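Note that the structure is a prediction, hence the values are computed from the model and not measured. Numbers restart at 1 for each chain; the letters A, B, ... are given by sequence-line order, proteins then strands.
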Amino acid sequence: MPELIEVEVYRRLADRAVGRRIDAVEAPDDWFLKGGLTPNVVEGALTGATITGTDRIGKLLLVHLDGDRPELGLRFGMTGRLALDGEAPITDLEYGSKRDLPEWDRFALVLDGGARLRMADPRRLGGVELDPPVEALGPDAWTITLAQLRTALGTSTAPLKARLLDQSKIAGLGNLLVDETLWRAGLDPARPTRSLADAEVKALARRIRSTVTALFDRGGSHTGDLQAARHRESTCPRDGAPLQRRTIGGRTTYSCPVHQR
DNA sequence: ATTGTGGCCTGCCCGC
DNA sequence: TGCGGGCAGGCCACAA
């Protein structure tokens, strides 16, 4: 699920753990530890630390710790979830509709007071890292400025969609958010990036921000107007034209050949 | 350097 | 009911 919207929800959840001390670390899955990290190292680095804050850059969740501790970076891949168990009266807002098997827990922090902040990820495409390379990420999509977007787009000849998915240029947009944004903006995802006129770039900057805000308010990346039409032989919710289904930027792409030009 | 492709890993859904 | 194939919202290594 997670694109920047979902990760922001996770961040707010993790924020409830600020001020707590980490009594123990559970890292049962070596594969989930990235950057050469091992269970021993991560346990040693985190045990006894106090959580002082959280941050999010694109889809990367950062957990700040006190003292000289490293920063904890959490990535959720396509199927990762975050849960905070055992802190009454919290509701398990992030899971419930789908299954949540204990063997899918890949990483957890046991906090003083008994709460447990855990990552569940059936597909194991997410991961945990210490001091993740945040400088490798572009500006966050939610608050991207026109100047930042201009820089991000540059003079690239890549398809517009591929550029918007490039986390080193703009951080946070995933497949669904990009399709929804371009559908709302009336831009063809296959357009060479540098073919955009200045007015189109300006409109796109606003559209990125407004789309993220709108879908966040609705409750997720999957709540877009285009979402219901993301299947074969569907029609555009705006003008009724048959939707186009293509692979762009390596991802399944739905767009309207009539109003997205 | 930029762009495109394949693969990672596993669950789920659809059609037979 | 069982099984195989295709698909999945992310990301990284690698090739051209």
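Of the candidates A:Val9, A:Val7, A:Leu117, A:Leu82 forms a side chain to side chain contact (heavy atoms under 4.5 Å, CB included) with just one, namely A:Leu117.
Per the geometry, CE belonging to A:Met78 stands 13 Å off P belonging to C:dC7, to the nearest Å. Protein atom CD of A:Glu6 is 13 Å distant from nucleotide atom C1' of C:dG10, rounded to whole Å. What separates CG of A:Leu60 from C1' of C:dG10 is a distance of 13 Å, to the nearest Å. Going from atom CZ of A:Arg251 over to atom C1' of B:dT3 covers 16 Å, rounded to whole Å.
By the criterion of side-chain heavy atoms lying less than 4.5 angstrom apart, applied directly or through intervening Ile, Leu, Val, Met, Phe, Trp or Tyr residues, A:Leu74 is grouped together with A:Val41 in one hydrophobic cluster.
Taken together, the paired segments of DNA chain C that extend over three or more consecutive Watson-Crick or G-U pairs, each closer than 3.5 Å at both contacts, are B:2-8 with C:10-16, B:10-16 with C:2-8.
Of all heavy-atom pairs spanning A:Glu180 and A:Leu226, the tightest one is OE1-N, 2.9 Å.
OP1 or OP2 of B:dT3 sits under 4.0 Å from a side-chain N or O of A:Thr157. At the phosphate of C:dG10, neither OP1 nor OP2 sits under 4.0 Å from any side-chain N or O atom of A:Arg75.
Checked for salt-bridge contact, A:Arg218 and A:Asp225 meet the test: a charged N lies under 4.0 Å from a carboxylate O. With respect to the salt-bridge test (charged N to carboxylate O, under 4.0 angstrom), the residues A:Asp55 and A:Arg11 do not qualify. No salt bridge links A:Arg81 with A:Asp121; every basic N to acidic carboxylate O contact stays at or beyond 4.0 Å.
Side chain to side chain, A:Trp183 and A:Ser255 fail the donor-acceptor criterion of an N or O pair below 3.5 Å.
Side chain of A:Glu3 to main chain of A:Leu176: a donor-acceptor pair is present (N/O by atom type, distance under 3.5 Å, no hydrogens or angles).
Listed by residue number, the members of residues 159-175 of chain A with any heavy atom below 4.0 angstrom from DNA chain B are A:Pro159, A:Arg163.
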List the protein contact pattern of nucleotides 5-16 of chain B with one symbol per nucleotide (5' to 3'): B for base contact, S for sugar-phosphate-only contact, - for none; contact means a heavy-atom distance under 4.0 Å.
---BBBSS----

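At a threshold of 4.0 angstrom between heavy atoms, the contacts of A:Arg245 are confined to the sugar-phosphate backbone, with no base atom among them.
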